[in-house]
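Everything on this sheet refers to the single structure shown next.
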Amino acid sequence: MTVPSIRTALSGSISPGTPVTVEGWVRTRRDSKAGFSFITVSDGSCHHPIQVVAPAELQNYREQIQKLTSGCSVRCSGELVESRGRGQAYEIQARAVEVLGWVSDPDTYPIQPKQHSYEFLRDVAHLRPRTNTFGAITRVRHAAAQAIHRYFDEHGYCWINTPIITASDAEGAGHMFRVSTLDAVNPPLTDNGNADFSKDFFGRETFLTVSGQLNVEGYCLAMSKVYTFGPTFRAENSNTTRHLAEFWMVEPEIAFADLTDLADLAEDFLKYIFRFVLENCAEDMVFFEKHIEQDARTRLQALIDSDFVRIDYAEAIDILAASGKKFEFKPEWGLDLQTEHERFLTEQHFGAPVIVGNYPVEIKAFYMRLNDDQKTVAALDVLAPGIGEIIGGSQREERLDVLQKRMTEMGLDQHTYNWYLDLRRYGTVPHAGFGLGFERLISYITGMSNIRDVIPYPRVPGRADF
RNA sequence: UCCCCGGUAGCUCAGCUGGUUAGAGCGGGUGACUGUUAAUCACUAGGUCGUUGGUUCGAAUCCGACCCGGGGAGCCA
């Protein structure tokens with residue numbers, strides 16, 4: 001007796017008549033007076049549940065099988081047979097249905113075979129993977145993660161696990177979560193009356209990382225092609241459909257590379273992931289197309305087939321100014337692009353992903369490379385329709401003197417970043433990298449409009465349930 | 001943090017220009033029927049209308065405060 005996944009059982013690779021056992025959770029049960037019940041069972045391995053035909057002759061038919069409700073866990077053994085009904089090619093003619101776990105109160109079991117609101121499902125985040133939608137999201141998320149690792153592996157990158165606890169604050173990416181073992185109520189105090197972090201676990205003030213970039217640059221200037229893929233934390237009070245306090249970020253960093261190389265990487269990389277997901281999650285993508293976003297697949301395919309638009313920030317400003325469109329904020333050189341501007345460019349003007357490059361130096365981080373015009377830095381954002389900024393990156397400032405000057409201008413403590421400056425003192429090379437928000441990528445692929453629905457247990461201001 | 005919108009049964013929602021016992025569908029229970037497939041049909045149970053003050057003879061309905069949720073903006077990935 002084999003115990004295949006439901007995916008395997010339905011794949012056609014097992015010949016009819018083979019004895020099999022499937023294990024999973026009941027979606028629905030329908031009784032027939034002709035003397036049997038239909039039980040649809042799902043195990044997460046694929047979109048479709050398998051139909052189990054349980055005959056009334058089974059010894060626990062009246063006592064147990066007829067009392068199965070949504071959510072019960074079962075182990076069903078029998079023969080895999082070609083289905084006599086429509087809707088599935090194969091089903092299981094059961095010889096035994098063992099109930100592993102009952103639903104103690106079917107009346108209040110939250111997951112019903114019906115449409116639920118996403119808001120409600122967020123309140124039952126531990127049970128929502130049992131729904132069609134979240135099963136599909138979970139499989140796509142997994143496939144995308146696999147695609148990322150594969151892409152980098154095939155292209156000679158090393159995966160670098162940068163630290164989650166960091167001492168460098170003010171990395172320029174927003175507020176950080178403090179990591180401390182000090183007594184929160186009565187911390188040891190300095191003479192000034194402030195908390196004395198020299199008595200803390202690490203002997204200094206520490207935080208959760210907002211980016212692995214600075215650390216990974218060290219490995220880049222040794223291994224040439226590297227990337228990080230791990231959790232990232234931002235203590236921003238952001239309440240939007242595209243921000244999380246805890247999210248996963250992918251940060252490739254390449255040596256001997258400039259902004260054009262980086263843009264090439266971003267485009268090739270995204271296309272690879274989309275191709276991989278379309279091929280490996282075809283069934284789930286059809287589901288998204290049917291129920292979440294009508295052009296979920298065609299949108300990805302069009303993107304794979306097309307060249308990304310590449311423009312400079314200055315051109316973007318010109319296009320916006322010449323559009324004749326009334327923006328709430330007037331586009332003006334020197335100011336950052338507003339969400340409405342980004343949306344106009346990617347959704348209306350180009351109708352495609354747009355890579356915007358070379359932003360004014362004043363609005364970008366200290367480590368971005370100063371261009372020869374002294375006015376702009378070699379930074380880029382990849383804007384995607386419906387999501388906005390999905391990637392942000394730059395060529396890094398590799399010249400020690402220029403970097404030090406910028407740090408001074410921005411009031412950064414060079415002592416803290418001494419190790420980072422070492423990378424410019426000892427064998428510096430041009431290098432570049434970007435950050436890709438993994439959940440934004442999943443949002444884009446699936447068409448799920450709220451980022452809280454593409455991560456298993458979302459952390460946002462005021463909520464850290466589960 | 002700011003600006004809008006919302007909170008009525010386990011879920012999705014109607015009721016909201018104040019007026020008797022608060023409704024439907026799904027889900028649950030019972031029964032009928034059927035190789036069914038988010039089955040169908042009948043019956044049935046289930047609600048301190050987010051909380052708290054106020055206005056009123058009377059509040060789910062009007063007003064204030066608070067709590068929670070959603071959307072948009074900013075910050076950004």
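Being a predicted model, the structure only gives us computed values, none of them experimental. Throughout, a chain's letter reflects where its sequence line sits, starting with A, and its residues are numbered from 1. The basis for the numbers below is simple: all heavy atoms, side chains too, and nothing from hydrogens, waters or symmetry mates.
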A/Thr240 vs B/C75: side-chain N/O to OP1/OP2 distance below 4.0 Å: no

With a 3.5 Å cut-off and sequence neighbours excluded, list the donor-acceptor pairs that the side chains of residues 326-339 of chain A form with protein atoms.
none

Sugar-phosphate, base or nothing in reach of A/Asn239, heavy atoms under 4.0 Å: base

Strand-adjacent residues in residues 458-466 of chain A, judged by heavy atoms under 4.0 Å from RNA chain B: A/Arg463

Set of residues satisfying salt bridge (Lys or Arg N to Asp or Glu O under 4.0 Å) with respect to A/Glu267, sequence neighbours excluded: A/Lys271, A/Arg310

Side chain to side chain contact (heavy atoms under 4.5 Å, CB included) involving A/Glu57 - partner list, sequence neighbours excluded: A/Pro55

By ring-ring contact (aromatic ring centres under 6.0 Å, His included) - contacts of A/Tyr272 (at least two apart): A/Tyr151

Gap between atoms CZ and P, on A/Phe438 and B/C76 respectively (whole Å): 23 Å

A/His116 (side chain) and B/C11 (base): donor-acceptor pair under 3.5 Å: no

Polar pair under 3.5 Å, donor/acceptor by atom type, side chain A/Glu91, base B/G35: yes

A/Arg452 side-chain N/O to B/G69 phosphate OP1/OP2 under 4.0 Å: no

5'-most by nearest nucleotide on RNA chain B - A/Gln93 or A/Pro113: A/Gln93

Sugar-phosphate, base or nothing in reach of A/Phe120, heavy atoms under 4.0 Å: sugar-phosphate

Side-chain heavy-atom pair A/Asp453, A/Arg128 within 4.5 angstrom cut-off: yes

Bracket notation of RNA chain B in which parentheses pair within the strand, [ ] cross earlier pairs, and | pairs with another strand (Watson-Crick or G-U, under 3.5 Å): (((((((..((((.....[...)))).(((((.......))))).....(((((..]....))))))))))))....

Members of residues 330-361 of chain A that approach RNA chain B, where some heavy atom sits under 4.0 Å away: A/Gln338, A/Thr339

Polar side chain donor-acceptor pair, A/Tyr367 to A/Glu217, under 3.5 angstrom: no

For A/Tyr219, ring-ring contact (aromatic ring centres under 6.0 Å, His included) partners two or more places apart: none

Note, A/Ile455 side chain near A/Phe438 side chain (heavy atom, < 4.5 Å): no

Which atom pairs, one a donor and one an acceptor, fall under 3.5 Å between side chains of residues 37-45 of chain A and the rest of the protein, sequence neighbours left out?
unit_1: A/Ser37; atom_1: OG; unit_2: A/Asp31; atom_2: OD1; d: 2.6
unit_1: A/Ser37; atom_1: OG; unit_2: A/Tyr61; atom_2: OH; d: 2.8
unit_1: A/Thr40; atom_1: OG1; unit_2: A/Thr28; atom_2: N; d: 3.1
unit_1: A/Thr40; atom_1: OG1; unit_2: A/Thr28; atom_2: O; d: 3.4
unit_1: A/Thr40; atom_1: OG1; unit_2: A/Thr28; atom_2: OG1; d: 2.8
unit_1: A/Asp43; atom_1: OD1; unit_2: A/Ser45; atom_2: N; d: 3.0
unit_1: A/Asp43; atom_1: OD1; unit_2: A/Ser45; atom_2: OG; d: 2.6
unit_1: A/Asp43; atom_1: OD2; unit_2: A/Ile6; atom_2: N; d: 3.0
unit_1: A/Ser45; atom_1: OG; unit_2: A/Ile6; atom_2: N; d: 3.4
unit_1: A/Ser45; atom_1: OG; unit_2: A/Arg7; atom_2: N; d: 2.9

Sorted by number, the residues of residues 390-397 of chain A with heavy-atom contact under 4.0 Å to RNA chain B: A/Ile390, A/Ile391, A/Gly392

Donor-acceptor pair present, A/Asp107 side chain and B/G10 base, under 3.5 Å: no

Contact list for RNA chain B against residues 27-38 of chain A - heavy-atom distance below 4.0 Å: A/Thr28, A/Arg30, A/Asp31, A/Ser32, A/Lys33, A/Ala34, A/Phe36, A/Phe38

For RNA chain B, the residues among residues 41-59 of chain A that have a non-hydrogen atom under 4.0 Å from it: A/Gln51, A/Val53

